[in-house]
Each structure stands twice: as C-alpha cells, then as structure tokens.
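Sequence positions, counted from 1, serve as the residue numbers for this chain. Worth knowing before you read on, the calculation uses all heavy atoms, side chains too, and leaves out hydrogens, waters and symmetry mates. Order of listing sets the numbers, starting from 1, for every ligand and every atom in it.
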Amino acid sequence: MATTTHVQKAHKLSRDILVGAYRTMFLSRRLDDKEIQLKRLNRAFFQINGVGHEAIGVAAAMHLKPGYDWFHPYYRDRAFCLQIGMTPLDMMLGSVGAKSDPNSGGRQMPSHWSSKPLHIISESSPTGTQILHAVGAAEASVYFAAVREAAELASSFHADEVSYVSFGDGASSEGEFWESLNWACLRKLPVMYVVQDNGYAISVPVDMQTAGGSISGLVRSYPNLLTLECDGTDFLESYEAAGKAVEHVRRRLGPALVHAHCIRPYSHSLSDDERLYKREEIRRQEAKRDPLIKWQKFLLAERLVSENELKEIETAIDKDIRQATDKALEAEPPKPETVMLYLTSPTVDPTSDQFDHPPKFHGEPKTMVDLINACLRDEMGRDPRVVVFGEDVADCAHEEDLGKLKGKGGVFKVTHGLQRQFGSARCYNVPIAEASIVGRAIGMATRGLKPVVEVQFFDYIWPAMMQIRDELTTLRWRSNNVFSCPLVIRAPIGGYLAGGAIYHSQSGESIFTHLPGLRVVMPSTALDANGLLRTAIRSDDPVLFLEPKHLYRQTHNRSPYPGRDYMIPFGKAKLVREGDELTIITYGSLVVRAMQAAKTLEQEGIQAEILDLRSLNPYDWELISASVKKTSRALVLHEDAISWGYGAEIAARIAEELFEFLDAPVRRLAGKDVYIPYHPVLEDAVLPQPADIVKMARELTAY
Ligand SMILES: Cc1ncc(C[n+]2csc(CCOP(=O)(O)OP(=O)(O)O)c2C)c(N)n1
C-alpha cells in the first residue's frame, strides 16, 4: 500500500494529523469492541458497529468544523463523530441508555448520534430520510444568505458552512436520495454527500441493489455535482477526496458526493452473521483492507510513529474507554415516569391563553381562501423566518415573468401574491416530491426557520408519510428535547365538491391524529382558519393544518379580516349551536351540514347542540364532556371513513368516562368504508348528508 504517492501525500500532512487519525480510528474500533462486550453481558441492548468505516469517517471529519458546519451522519459514523468531538463517555452513555445519555436520554438505540453544540442533528433509523434533512439544512444556509434579517435571528450561520450527510450504498436506493439530489443540484446547495459503500445492505450485495453496481457511476451526469470516488479504508485517499469535496461545497460551486469503498467485517450488526451469505474468500480479501491495520502498518513503515509510541497511544485509549465504561455503568437509568415528556414543546403551549387573542374586525366578509392568504401574509411580514414552498405555490416560477403575468399562487390560489410581496427566496415552487417537501422542511426547521409548506392535495401526502411519522413527529422526543422541527404542513382535504373522485376528495385525518407529537387542526370557517393558522405558525410544534377545500369559497362561512394578531388556542372547540337533547360532535365540512340538520330537527321539537372541534389533536374533552353531561346523548359525525376512524376514539372515551350520564348508546355517523367516487350520486352515497344526520338524531333521541 505504501506507494510513492502515498508517501508524498502523507508527508504533506503534519504528524499530528497522521497520528491523530490513528488515535481516533483505534478509539472507534475499541469502543465498538467494548459495546459488543456490554451487549453480551446484557448491559447494552443493541449493537451496530462502525468497523471498516473508520478511515473515511476520520478523514471527512478532519475537513469539517464542529459547531459551524451541520452534520447528518448515519449509524456507521462512530469514528466520524469522535473526530468531530463526541467523547467515549457520550457514546458509552448511549450504549447503556442512561438518563444522562446526551444522544437521546435512553430513548434511541446506540449509534444514533446527536449533539447540539457540535451540530450533529439527532439521527433516526430509517435508511435515507436524513439525506433530505441535510439538503434542508443546506437550503437554510442559502436562505440565510439571501434573507439577512432571518440570518440575524439564526442561532448559527456562516456564509461558507457545509451540510454533511452520510449513508450506505443500500440507502442510496431510497427515493429520498434521488429527490434530494435533484433539488441539491438544481439549487446548487452546499451539501456534502458521503456514500460509505461497504458492498452490502445487510445481506444484499451492491451489484444486486444498484444498477451497474456503482452509485458514483450513476450520478456522474448530475449537473453541478462534484462526484469523487475513493478507497474509504485508505486514510490518505479518503482525506484527499473529502478535502476536495469540502472545498467545492464551501466555495458554493454546488453539492459534492464522495463514494467511499469500505468494508464491514463485523457483519451488519450483532444480530447478523455475514458468514451465512458472504463467501469466505470475500471475507478474507476484505480483511486485508482493514483500515486500522493498514494505517498502523503505514505509520510504522514510514517511521511516523514507533512501536512504543503506538503502544502508549493504545494503552491510553484503552484506559479512557475503561473509565468511560465504568462511569456509564454507574449512570442512572432514565425514570419510567419521564417517558411521555417532550412529545411537544415543554415551554410554548398552543393550548394556553397566550394563544387566545381576540379579533379586531375590519372590512367586508372574506372567504376562507382569502383569510388563510391574509394570515400567511401577516406572518411572513412579522417573521423573516417564515418560508412558504410547495408545488405551484409561487406566482411565477421564473421571477422575470412577475411583471408580465398575473401569476398562479397555488392550485386553489391560497398562496397567491406571496412571492410577489415577499420575493422568490421566501415563496417558491419545488418539484413534485412530497417526501422532499416535508423532509427538507424538517431540515430547515432544525436550523430555526419556520417552513409553512403545502401538500397540494391531502390525497398525495403519502410519499411524505415516512418523513411525518418517523421524523417530524419524533425529533423532539427522540432527542430528549434537544432538537425540534416546528413547522406547518397545509393540505386541502375532503370531498363534497363533486367530481373530485378517488384522488382529489379523500379524507384520512385519523391516520395523523394517531401520531404522538403532531398537532392536527381542521377549521370550518374563514375566521377559524385565520386564527388557527396563526397559532400553528407561532407554536413550537409540528402542525398538520387540514383545509376542507369544499369550504374554501363558500359564502356561509365568510368573515371580515380579524387583524394581524388574531389567534385561537388549539384544543378549544366552538359551541356553534346550543341544545339540550343531543350533542353532535363534528368538524370540517360537516359542521354546516349538522346545522342544516339541526334546523329540520328543531321543527320536530328536537334541540341539538353542535360542537365544532376545530382542532382534532389535541381536542376539547372539557367541552365534549360538559355538553354530553347536559344532553345525555352523543353523535360523533365526520366525513372520513367510519371504521377505526376519528369518531371511534371520541365515542370510546364518552362510553368509558361518561357512561352514567348517557341515556342512549353513543352513535357515529361518518363516511362509508370505501373511496370517494366520481359521479355526484355515488359521492353523496358515501358521505354523510343532512338527511342522514336527521335520521340518526331522531333514532338517538327516541331511544
Ligand atoms: C427505510 C428502512 N428500511 C429498512 C431498514 C432496515 N435496515 C437497516 S440498515 C439496512 C441496510 C442498509 O444498508 P446500507 O445503506 O448499505 O448501509 P450499511 O448498513 O451497509 O452501512 C436496512 C435494510 C431501515 N432501517 N430503514
């Protein structure tokens, strides 16, 4: 291995760098060995190793700046994280899952790195999701450079900062990687991709995973992307490639991708045995490329270090690890009663009076579309960190057309005029890639921006589901309140428009109310939409803001503009009609239908009380409970399908907690368990109609 080029390269670097690299690589290896021991003793509960990836990890980290650049590493990045500044104790506390584990306080598996001071953003387990966060973090860099007032409010921003992300060859098969690459190259974002290719994704070799067997071969034609390939087990080659990549990114020439070939001699994890699927001769060949052994031999051969010096280094490291392990083993475990903490912000409570701000009406009545648009304008004007993006949300994709054309501003025109008023840095179109919309927004939110993104139709939110379920809702909890990503996802939802059919009129809110850590809101009037959206933007939690598009331009729910500070707290239902014989608990497009039904019922002498929940999670149990205690009858009404639906939860809770107040069984009326069809006759048959409400209310009151 000691070629002339190697010797020349080595002698250009200081001895500190060369020996320092060995020190970190050895430390990383021994920490893996120690964690394996702990797992066997049942003092750690999981183990995944970084063995074979040490050289590229250390080399890349040496070019990057802790607490300055931004890091989205993956589980094989033990050596990278040590070189960036994590300590053996930080890691060992993670191994045992201690209360004081800085990575997650015992909530995540070991090797899910996190450190606020170092800028290592809490890592999750899905392969590839972090790539979009890194691109979002890089997009924040570009945003801060363009919007100086936002940069002044940033906790940390440097004009040449780099966003680092690493992942395996297998993870590069994820759509999120390709979505990220398209946007990073399109926008020349400052991202450094490191693909640590150990040839396998668990048991699947790269030639059976990646077309042509080489990820760098596939991406070379991407515009603005610097693509480099190196032996990731060779410190000097890795150091050179990583250096070029970092320089390219710092100089704002576009993203860079380093394809580093590594090995994985310890199998995928302690739950895997690669001898079951990897031939012995391949294992033997790989063993010859062990980065630690190669680097040790090189240092000795080049007399950069003596045998004795190496021994001293290794003895000192083993001592450090022993001390860290002893401390970790003595560390207090997390307390069971803390498990529910930090699903949402512990300091900003959007259900509190702080978010109860009265309206100051002026002007003519406006539609829901108008008042959502007004709220977005107010909030973008108030806070330079509010940024709006999505498909078609800008007025004109090409800024130069703004003076010539009226502009689009969203397929429902909700965002119309925002680009014109606030500029293309703050309201822009993005590719049709919903995972990318949410994933990048998460990355931007971790940098302190407040993205308010649009998913064009609720029916198309599903590509973003992994980002929502595994990333957006978990970041604060899994990092033990160290990181958070407060942002708003707006999505037009539901039917009753006629013609929307199966892919433009679905509901599905209960799938999201099921997610701990996510606030879910659905207004039924223009005024509520304005006040709840403002609360959503000013809160410190992720919010799914569902806009019943059938209500966008109705006249019955219009309101004058309520002023720039109007807010409605989450979790507060609205009593829209008083009555004493029956409580109808509903929201969204069914509020107006319940009102129509109530008029018919009134003629029959039945007075129905109607509650508009407005926010679905959290929801207003107090008002539901007070009303049901008064009327003794409850009907839960919604547009979304009935089975395992939103009403099931409310009905179950009424049955559990208010049983002795009930004079009749709790009933549910909701959409049928089928998709929304095209023909209006069919759609009407699926969705609850006022006549159905009347019928069920009669049955309930007659019970
Ligand atoms: C989205 C997702 N699918 C499946 C898994 C299970 N899984 C964990 S690691 C892994 C293989 C990843 O391989 P690669 O990206 O090559 O990284 P390596 O482990 O080889 O370093 C899989 C399938 C996961 N964590 N996330």
Side-chain angles (χ1 to χ4, degrees), residues 28-29 32 35 46-57 60 72-81 108-113 122-134 165-181 193-216 218-219 229 231-233 238 257-274 276-278 282-283 286 289-291 435-436 438-439 442 462-474 478:
S28 180
R29 180 72 57 96
D32 269 321
E35 197 173 74
F46 180 76
Q47 212 282 327
I48 194 156
N49 65 83
V51 174
H53 291 237
E54 294 98 339
I56 178 64
H72 289 85
Y74 91 124
Y75 46 83
R76 303 249 185 252
D77 263 330
R78 189 189 286 284
F80 175 89
C81 289
Q108 288 222 84
M109 290 169 154
S111 296
H112 286 57
W113 323 110
S122 161
E123 185 192 321
S124 62
S125 293
T127 47
T129 40
Q130 79 277 20
I131 308 173
L132 286 168
H133 308 162
V165 63
S166 63
F167 48 98
D169 42 292
S172 73
S173 298
E174 293 283 2
E176 285 163 305
F177 165 66
W178 297 98
E179 290 185 13
S180 86
L181 201 60
Y193 293 86
V194 178
V195 185
Q196 300 186 16
D197 179 354
N198 55 34
Y200 282 78
I202 308 187
S203 68
V204 183
V206 68
D207 62 311
M208 298 298 281
Q209 169 99 227
T210 302
S214 166
I215 190 63
S216 49
L218 287 183
V219 302
E229 198 169 4
D231 179 352
T233 65
S238 301
L257 184 143
V258 178
H259 180 190
H261 294 275
C262 304
I263 56 164
R264 196 203 60 183
Y266 279 24
S267 295
H268 174 72
S269 72
L270 217 54
S271 321
D272 176 49
D273 180 357
E274 67 171 19
L276 298 176
Y277 52 81
K278 205 188 263 186
I282 300 180
R283 299 192 72 233
E286 284 183 359
R289 293 178 54 222
D290 185 317
S436 166
V438 176
I442 291 170
W462 310 114
M465 195 58 180
M466 170 91 98
Q467 287 291 343
I468 295 172
R469 175 67 180 87
D470 283 357
E471 302 293 344
L472 178 68
T473 58
T474 66
R478 74 175 194 243

Peer 1: For a side chain to side chain contact (heavy atoms under 4.5 Å, CB included) with Tyr193, tell me which candidate from Leu181, Val258, Ile215 qualifies.
Peer 2: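 Between Tyr193 and the candidates, side chain to side chain contact (heavy atoms under 4.5 Å, CB included) is satisfied uniquely by Leu181.
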
Peer 1: Tell me: protein heavy atom nearest atom 15 (O) of ligand 1, and distance?
Peer 2: Ala171 N, 2.8 Å

Peer 1: Starting from atom 25 (N) of ligand 1, what is the nearest protein heavy atom, named by residue and atom, and what distance separates them?
Peer 2: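 Atom 25 (N) of ligand 1 sits closest to the protein heavy atom Ser125 O, 3.0 Å.
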
Peer 1: Closest non-hydrogen protein atom to atom 26 (N) of ligand 1, residue and atom name please, with distance?
Peer 2: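 That would be Thr127 N, 3.0 Å.
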
Peer 1: Could you label the plane-to-plane angle of the Tyr277 and Tyr200 rings as parallel, tilted or perpendicular, counting under 30° as parallel and over 60° as perpendicular?
Peer 2: tilted

Peer 1: Looking at every non-hydrogen atom in both residues, tell me the closest pair between Phe80 and Gly57 and how far apart they are.
Peer 2: CD1-O, 3.4 Å

Peer 1: Which bit of Glu174 gets closer than 4.0 Å to ligand 1, counting heavy atoms only: side chain, backbone, both or neither?
Peer 2: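 Side chain only.
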
Peer 1: Taking only non-hydrogen atoms of Arg76, do any sit less than 4.0 angstrom from ligand 1?
Peer 2: yes

Peer 1: What distance do Glu471 atom CD and Met465 atom CE have between them, rounded to the nearest 0.5 Å?
Peer 2: 13.0 Å

Peer 1: Closer than 4.0 Å to some heavy atom of Pro126 - which atoms of ligand 1 meet that?
Peer 2: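 The atoms of ligand 1 under 4.0 Å from a heavy atom of Pro126 are 26 (N).
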
Peer 1: Return the option from Tyr200, Tyr75, Tyr74 holding the heavy atom at the smallest distance from atom 12 (C) of ligand 1.
Peer 2: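 The residue whose heavy atom sits nearest atom 12 (C) of ligand 1 is Tyr75.
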
Peer 1: Give the contacting part of Asn198 toward ligand 1: side chain, backbone, both or neither, where contact means a heavy-atom distance below 4.0 Å.
Peer 2: side chain

Peer 1: Of the non-hydrogen atoms in Glu286 and Lys278, which two are nearest, and what is the gap between them?
Peer 2: OE1-NZ, 2.9 Å

Peer 1: Quick test of your reading of the model: are Arg29 and Asp290 salt-bridged, counting only N-O distances below 4.0 Å?
Peer 2: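 Between Asp290 and Arg29 there is a salt bridge, with a charged N closer than 4.0 Å to a carboxylate O.
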
Peer 1: For the residue pair Asp32 and Gln47, confirm or rule out a side-chain donor-acceptor distance under 3.5 Å.
Peer 2: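 Result is yes, a qualifying pair exists.
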
Peer 1: Relative to ligand 1, is Ala201 under 4.0 angstrom through side chain, backbone, both or neither, heavy atoms considered?
Peer 2: both

Peer 1: How close do Ala134 and Val165 get, heavy atom to heavy atom, and via which atoms?
Peer 2: CB-CB, 3.5 Å

Peer 1: How far is atom 14 (P) of ligand 1 from its nearest protein heavy atom, and which residue and atom is that?
Peer 2: Gly170 N, 3.4 Å

Peer 1: With the threshold set at under 4.0 angstrom, would you say His268 reaches ligand 1 through any of its heavy atoms?
Peer 2: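 Flag set, His268 near ligand 1.
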
Peer 1: Identify the closest protein heavy atom to atom 11 (C) of ligand 1: which residue and atom is it, and at what distance?
Peer 2: Ile202 CG1, 3.7 Å

Peer 1: Scan side-chain atoms only and decide if Asp470 and Ser124 contain a donor-acceptor pair under the 3.5 Å cut-off.
Peer 2: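 Judged by distance alone, the side chains do not pair up.
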
Peer 1: Could you list the atoms of ligand 1 found under 4.0 angstrom from a heavy atom of Met466?
Peer 2: 1 (C)

Peer 1: Using a strict cut-off of 4.0 Å, indicate which atoms of ligand 1 neighbour a heavy atom of Gly168.
Peer 2: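 Listed by number with element, the hits are 14 (P), 15 (O), 16 (O), 17 (O).
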
